[in-house]
Structure formats: structure tokens, C-alpha cells
Amino acid sequence: MPEGVNRVDGRSERWRAHRVARRAEFVDAAFAALAEHGPRAGMAEIAAAAGVSKPRLYRHFADKAELFGAIVDRTSRMLWERLEPALTEPAPIHQRVRQALEAYLGLVDEHPQVFRFLGARRRLELGDGADPVAEDKKVLAAVIATIFTDELRARKADSGGAEVWAHGIVGAVEAATEWWLERRTMSRESLTEYLTVLLWSAVDGALRTEGIVLDPDQPVAVSERTLRLLSEHD
């Protein structure tokens with residue numbers, strides 16, 4: 001290959017790496033602006049937090065929707081990094097429920113304004129486009145449904161309710177979290193405890209309708225299907 005082509009490729013790769021790093025810095029600034037100004041923070045506040053002008057910010061993000069997508073991507077990666085151990089490590093189901101809630105609510109508590117922003121602005125920013133927040137919820141519900149299905153089928157029980165129960169669980173946690181972010185009338189620890197009771201009762205009750213009684217302290221293995229779902233999401 002001609003030497004000049006190698007030099008061009010090298011410059012292109014360095015420029016690409018620079019743009020990736022710069023965009024990450026602007027997402028850092030967005031997190032800082034949201035923490036300071038709340039979910040109404042706009043491009044001007046984010047540019048100020050980054051120490052640049054708005055036109056310079058727009059060199060890296062075509063519009064607000066693209067920056068919104070980058071914030072969602074960052075939040076999604078952080079969330080799945082924390083959730084994955086609770087969803088994949090063999091542990092009693094009751095312990096898994098608590099660990100997953102602690103992971104999720106811990107991240108929400110660290111970045112409350114980011115989560116309020118995601119809840120309040122995602123429809124406005126994306127319009128009729130794809131909703132990556134909804135996609136994350138679908139994946140999580142699919143993982144929970146797979147866990148339900150595996151337990152039911154292993155015992156020759158009907159698994160028809162698995163997806164309904166899974167989406168109900170995800171929706172209940174989301175609604176309770178949004179309420180907590182607005183009201184803050186209890187500690188994160190109390191919210192975790194109440195939701196653990198709710199979710200464990202839901203899991204236990206749903207399985208009992210199919211004649212399955214789980215020991216809350218009995219470790220439950222993680223299926224290859226669950227691991228594959230998480231791997232595909234990554």
C-alpha cells in the first residue's frame with residue numbers, strides 16, 4: 001500500500017478518536033449542567049458547563065436530539081454495567097431482586113436530574129423517532145420474561161404469563177421511581193425495601209398460580225438464553 005495512504009488513514013483514525021473523546025467530554029458537561037440546572041437545562045447551559053460556545057457544541061452534535069441520544073447511551077451503559085451482575089450471577093431469586101433494585105436506584109440517586117430529564121424530554125427531543133429508553137425497558141423485560149419462562153418450563157408449567165409479568169414489573173419500578181424523584185418523601189433504602197417486597201411478592205405470587213413455590217434462599221442458575229440476551233444487548 002502506498003505510504004501516503006497509510007498517513008491519511010492514520011490521520012483519519014486520530015481525528016475519529018479525537019471526536020469520540022470530545023463528544024464524551026460534552027456528555028460529561030451535559031451531566032454537570034443537568035445536575036446544576038435540573039431537567040430544563042438546554043444547549044446553552046451544557047455549552048457553558050463545557051466551557052465552549054453553542055456553535056462549537058453543534059460541531060459535534062447536529063441538534064438537541066443527537067445530544068439527547070448520547071446522554072441516553074451513556075446512561076444505558078452505566079445502568080447495564082450495574083444490573084448485569086444481579087441478572088447473571090447465580091443467587092437466590094429474592095437476593096437477585098434486591099441487588100437489581102439497589103443497582104438501578106443507586107444510579108438514579110447519583111444522577112437524579114439526568115433521570116428526570118430522560119423521563120420529561122425523551123418524547124419532545126425524539127419526536128416520532130426511535131426511543132432508546134423504551135428499547136432498554138424492552139430488553140430488561142425480555143430478560144425477566146426469560147427467567148420466568150425458564151423456571152416455569154423446567155417444572156412443566158404454563159409460561160404464557162411470563163411476558164405480561166415481566167412488563168408489569170418493569171412498569172411498576174419505573175412508575176415508583178418517577179414518583180420518588182418528584183416527591184423524595186423517603187430514603188432510597190426505604191424505597192428499595194418496599195419495592196423488594198412488591199417485586200418478590202409479584203414473582204412469588206405469579207409462580208404460585210402455576211403451582212411453583214420458590215425458596216427465597218435457594219440459588220437459581222442463569223440460563224444460556226438469558227446470558228445471550230444480555231450479550232446481544234451489549
- Item | Beyond-backbone contact of Thr75 with Phe31, side-chain heavy atoms, under 4.5 angstrom | yes
- Please collect all salt bridge (charged side-chain N to carboxylate O under 4.0 Å, His left out) contacts where either partner lies in residues 153-164, sequence neighbours excluded, each pair once. Glu151-Arg155
- Taking the side chain as every heavy atom from C-beta outward, state whether Phe148 and Val203 have any atom pair closer than 4.5 Å. yes
- Task: Decide whether Val139 and Val164 are clustered together by the hydrophobic rule: side chain heavy atoms of Ile, Leu, Val, Met, Phe, Trp, Tyr closer than 4.5 Å, transitively.
- Result: no
- Note on the structure: Shortest non-hydrogen pair, Leu34 vs Gln113, comes out as O-CB, 3.2 Å
- Query: Checking side-chain contact (heavy atoms from CB on, under 4.5 Å) for the pair Arg23/Glu66: CA distance, chi angles, key distance, verdict?
  - Reply: CA-CA 11 Å; Arg23 281 169 64 98; Glu66 188 175 341; 2.9 Å; yes
- Message: Between Leu181 and Trp179, is there shared hydrophobic-cluster membership here, with clusters defined by ILVMFWY side-chain heavy atoms closer than 4.5 Å?
- Response: yes
- Task: Assess whether side-chain contact (heavy atoms from CB on, under 4.5 Å) is satisfied between Thr177 and Phe115, documenting all intermediate values.
- Result: CA-CA 9 Å; Thr177 302; Phe115 278 85; 6.0 Å; no
- Rounded to the nearest 0.5 Å, what separation is found between the CG atom of Leu152 and the OG1 atom of Thr209? 8.0 Å
- Side chain Glu84, main chain Glu81, donor-acceptor under 3.5 Å: no
- Message: Do Lys137 and His167 make a side-chain contact, defined as non-hydrogen atoms from C-beta onward lying under 4.5 Å apart?
- Response: no
- Item | Where Ala145 and Ala162 come nearest, the two heavy atoms and their spacing | O-CB, 3.7 Å
- Query: Same cluster for Val197 and Tyr194 if Ile/Leu/Val/Met/Phe/Trp/Tyr side chains link at under 4.5 Å?
  - Reply: no
- Query: Is it true that the NZ or CZ of Arg77 lies under 6.0 Å from the centre of Trp80's six-membered ring and within 45 degrees of the ring axis?
  - Reply: no
- Item | 4.5 Å side-chain heavy-atom contact, Thr196 and His94 | yes
- Message: I'd like to check the side chain to side chain donor-acceptor pair (under 3.5 Å) partners of Glu102; sequence neighbours left out, ordered by chain and number.
- Response: none
- How would you list all residue pairs meeting salt bridge (charged side-chain N to carboxylate O under 4.0 Å, His left out) that involve residues 215-226, not counting sequence neighbours? Asp150-Arg225
- Item | Residue pair Arg56 / Arg22, side-chain heavy-atom distance below 4.5 Å | yes
- CD1 (Ile147) and CG (Leu87) are apart, to the nearest 0.5 Å, by 6.0 Å
- If you take all heavy atoms of Ala86 and Ala100, which pair is closest and at what distance? CB-N, 3.5 Å
- Note on the structure: Sorted by chain and residue number, the side-chain contact (heavy atoms from CB on, under 4.5 Å) partners of Leu79 (sequence neighbours excluded) come out as Leu83, Tyr104, Leu107
- Query: Rounded to the nearest 0.5 Å, what separation is found between the CZ atom of Arg82 and the CD atom of Glu110?
  - Reply: 4.0 Å
- Item | Approximate separation, where rounding is to 0.5 Å, of Ile46 CD1 and Ile71 CD1 | 5.0 Å
- Note on the structure: Nearest heavy-atom approach of Pro92 to Pro216 is CB-O, 3.0 Å
- Rounded to the nearest 0.5 Å, how far does CG of Leu57 lie from CZ of Phe26? 5.5 Å
- Query: Any donor and acceptor pair, going by atom type alone, linking the side chain of Trp180 with main-chain N or O of Met186 inside 3.5 Å?
  - Reply: yes
- Report yes or no: does Arg74 contribute a side-chain atom to a donor-acceptor pair with the main-chain N or O of Ala24 at less than 3.5 Å? yes
- With Lys138 via side-chain contact (heavy atoms from CB on, under 4.5 Å) - residues at least two apart: Glu135
- Without swapping roles, check the side chain of Glu45 against the backbone of Ala41 for a donor-acceptor pair under 3.5 Å. no
- Task: Kindly give the heavy-atom pair with the smallest separation between Arg184 and Pro112, and that separation in Å.
- Result: NH2-CB, 3.4 Å
- Query: Which pairs count as salt bridge (charged side-chain N to carboxylate O under 4.0 Å, His left out) when at least one residue sits in residues 187-204, sequence neighbours excluded?
  - Reply: Arg98-Glu193, Asp109-Arg188, Asp204-Arg208
- Message: Within this structure, what is the CZ-CG distance for the pair Phe68 and Asp73, rounded to the nearest 0.5 Å?
- Response: 10.0 Å
